[in-house]
Amino acid sequence: MDSTSSSRYGETYARWRDDPSAFWGEAAKKIDWTTPATQVFAPDAGVYGRWFEGAVGNTCFNAVDRHVASGRADQVAIIYDSPVTSSKRTLTYAELKHDVATLAAVLQDLGVKKGDRVLVYMPMVPEALVGMLACARIGAIHSVVFGGFAAKELATRIEDAEPKVILAASCGIEPNRVVPYKPLLDLAISMSAVKPEHCVVLQRPQGPATLAEGRDIDWAQACAAASAAGKAAPCVDVAATDPLYILYTSGTTGKPKGVVRDSGGHMVALTWTMENLYGIKPGEVFWAASDIGWVVGHSYIVYAPLLAGCTTLVYEGKPVGTPDPGAFWRVIEEHKVVALFTAPTALRAIKKEDPECAYKKGHDLSHFRTLFLAGERADPDTVQWAETQLGVPVVDHWWQTETGWAIAANPVGLGLLPVKLGSPTVPMPGYDVQIVDEAAKPVPAGTMGSIVIKLPLPPGCLPTLWQQDERFKESYLVDYPGFYKTADAGFMDDDGYVFVMGRTDDIINVAGHRLSTGGMEEVIASHPDVAECAVIGVKDSLKGEVPCGFVVLKAGERRAPEVIEKELVGLVRDRIGPVAAFKLAVTVNRLPKTRSGKILRGTMKKIADHDAWSIPATIDDPVVLEEIEGILKDRGIG
Ligand code: COA
Ligand code: AMP
């Protein structure tokens, strides 16, 4: 660390290290609890200990009600800006409280109680946030599913979460099409062995849905009736260790992992970050240009800004094409956004269409202070471009669905540390980050290894996977005893800066979206003409990586490979969803394997990425790699 730095980071991190319980106990004072914790950290509870044992409170109360009570009733809580529907709307904290309490009463009338699950399948509309907060208000556990997933993925999540009620919208809107959500939802429910009792459906004029008699309820009508009857559900007391939500994320198989977030630690950690990491004051406008279906959306569109008494921005649009690459600058100016949080891929999309940032001209961004990036590695070119064009600090930070907030960052609120391009900077308080080799031994500074975090994880991180403690232990805890395995690889330099270089498993990152190549392989292998396959992520100048599937067809196959390749692209889209962005299927004669039969995915990736590669000593037949190189060259892939 630069000892001349004026940042308070060093002393803050040291304070946490000296006494984690005192540190988080102090941070917890920013939350209004019904009953404070009896023990800040209980090492013997749960899988690796639990935070704020004994504490009781409510997330919705802290995110909404207490702000209404303390003078923010007329402050805007949510700004909705939707270029795809040409509409804009605001909700004050008082209006938000009314809408949330009303929907919560509707849910209660449908029999939803504390601990019940409610699945949310909605696009970027304010009602989605109202739905999440209504669940939090009555202690129900929400599980939001991203709109770009197919019915099959939705069905898997319904089966795992067993929701009593589903909150849905009739459609989502992509720039090139209206996506009818309701038929996807109906199909998912028909595929699932578990059926919800009711679906509350928000009818959107762009694509109204047919409602199923008895099961489906019109959102607007139900809320209007509840409001007219004066119904408003109060906040229910929940334990800090009770789950607030389940968010499914890609695992190494087709079966997603249900990441559990507990209510108390989440409030404490997110509140700490708004001030100390993001440097945001109550009342300011914070914009996370993500989607509520991802963890970034959960933490920084919904909970953190509201817990901090800020105004959050819900943007239903894209960085480009809605209508042009100036969309972000227009929104920042118009709504006085002080900080934007987005994925590097969004900036690459803008840079590609408007390299000189001509669309920024004429927009007054003088109030805009910081750009935060996460979701994928921030490539130095993109960071430098953004710094030059915007003239504000561009802060990369590294985190995962599992952690819910940044593991490593440059803490703006504590004072920026010197930026090193390619590094998300330093571990945040709560995270003892170490780099280890395969034998779990620490490696010297500058050496690549697996990135692990010493247990316990800080407040806000997952305590377990939904009803799967064993899978949680197997996935994250057994490989490096005493540590959480991030499944990211990288190194730390002499100054303690972390460099995150890629995954150690088969997860790939497509436009900031986390996807499992194993899951795609399962789908491709189910095609009757496919003998075997391997999916890898290949470099892409816009999305960072895109999946590319290599397939070996069954012998005797007569149909043209191009036809089967098209079917495979369609199959992945149908089973996983458009978000997988699976467009490259390549027929090969054989897959390259080691003598023990392991597919050489790493070497295939190097070939496809035009990186230097050599023939591995363990390879069964080196000619296969040359064949693949030839095919990729002929097809112009990589
Ligand atoms: N509902 C239905 N379909 C969706 C969807 C949703 N909520 N979100 C995306 N899709 C579809 C898209 O329409 C697209 O379909 P297509 O193959 O028919 O074109 C496909 O899924 C891939 O979507 P996307 O990854 O968004 O690619 P894109 O080409 O439409 O846009 C970017 C590219 C870079 C502009 C876009 O990915 C982007 O804005 N990324 C920001 C990343 C981000 O928010 N990450 C979250 C973590 S911070
Ligand atoms: P998700 O769970 O969808 O948030 O994806 C988490 C994964 O995205 C991490 O494990 C990393 O592989 C990658 N990732 C997220 N942020 C960064 C970052 N700032 N730098 C490098 N990789 C990142």
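Atoms within a ligand are numbered from 1 in the order they appear, just like the ligands themselves. The chain is numbered in sequence order, starting from 1.
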Listed pairs under 3.5 Å, donor-acceptor, residues 403-411 side chains, sequence neighbours left out:
residue: T403; atom: OG1; partner: Q400; partner atom: N; Å: 3.3
residue: T403; atom: OG1; partner: Q400; partner atom: O; Å: 3.1
residue: T403; atom: OG1; partner: W405; partner atom: O; Å: 2.8
residue: W405; atom: NE1; partner: Y431; partner atom: OH; Å: 3.4
residue: W405; atom: NE1; partner: P459; partner atom: O; Å: 2.9
residue: N410; atom: OD1; partner: L417; partner atom: N; Å: 2.8
residue: N410; atom: ND2; partner: L417; partner atom: O; Å: 2.9

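Contact atoms of ligand 2 toward N509: 8 (O), 13 (C) (distance under 4.0 Å to a heavy atom of the residue). Close approach of ligand 2 to T401 is summarised as follows: ligand atoms under 4.0 Å from at least one heavy atom of the residue are 1 (P), 2 (O), 3 (O), 4 (O). The atoms of ligand 2 that sit less than 4.0 Å from any heavy atom of R503 are 9 (C), 10 (O), 12 (O). Close contacts of ligand 2 with E376, meaning ligand atoms under 4.0 Å from a residue heavy atom, involve 14 (N), 15 (C), 16 (N), 17 (C), 18 (C), 19 (N), 20 (N), 21 (C), 22 (N), 23 (C). Close contacts of ligand 2 with V500, meaning ligand atoms under 4.0 Å from a residue heavy atom, involve 21 (C), 22 (N).
Checking side-chain atoms of S190 against main-chain N and O of L187 turns up a donor-acceptor pair under 3.5 Å. R377 places no side-chain N or O within donor-acceptor distance of the main-chain N or O of M501, the cut-off being under 3.5 Å.
Using a 4.0 Å cut-off between heavy atoms, K583 contacts ligand 1 through its side chain alone, with no backbone atom that close. Contacts with ligand 1 closer than 4.0 Å are made by heavy atoms of both the backbone and the side chain of P578. Contacts of F341 with ligand 1, taken as heavy-atom pairs under 4.0 Å, are absent altogether. For Y181, every heavy-atom contact with ligand 1 shorter than 4.0 Å involves the side chain, none the backbone.
Atom 47 (C) of ligand 1 is approached by the protein to below 4.0 angstrom, counting heavy atoms only.
Ring geometry, H513 versus F146: the interplanar angle falls from 30° to 60°, so the pair is classed tilted.
Among all protein heavy atoms, the one lying closest to atom 27 (O) of ligand 1 is K543 NZ, 3.0 Å. Of the protein's non-hydrogen atoms, R573 NH2, 2.8 Å is the one closest to atom 18 (O) of ligand 1. Of all protein heavy atoms, the one lying nearest to atom 12 (C) of ligand 1 is E174 OE1, 3.0 Å.
Here's the thing with G375: one of its N/O atoms is less than 3.5 angstrom from an N/O atom of ligand 2.
Residues R348 and S541 have side chains that never bring a donor and an acceptor to within less than 3.5 angstrom of each other.
Judged by the shortest distance from any of its heavy atoms, R348 lies outside the 4.0 Å radius around the atoms of ligand 1. By the 4.0 Å heavy-atom criterion, P175 is excluded from the residues contacting ligand 1.
Checked against the 6.0 Å centroid criterion, the rings of H298 and H142 qualify as a close aromatic pair.
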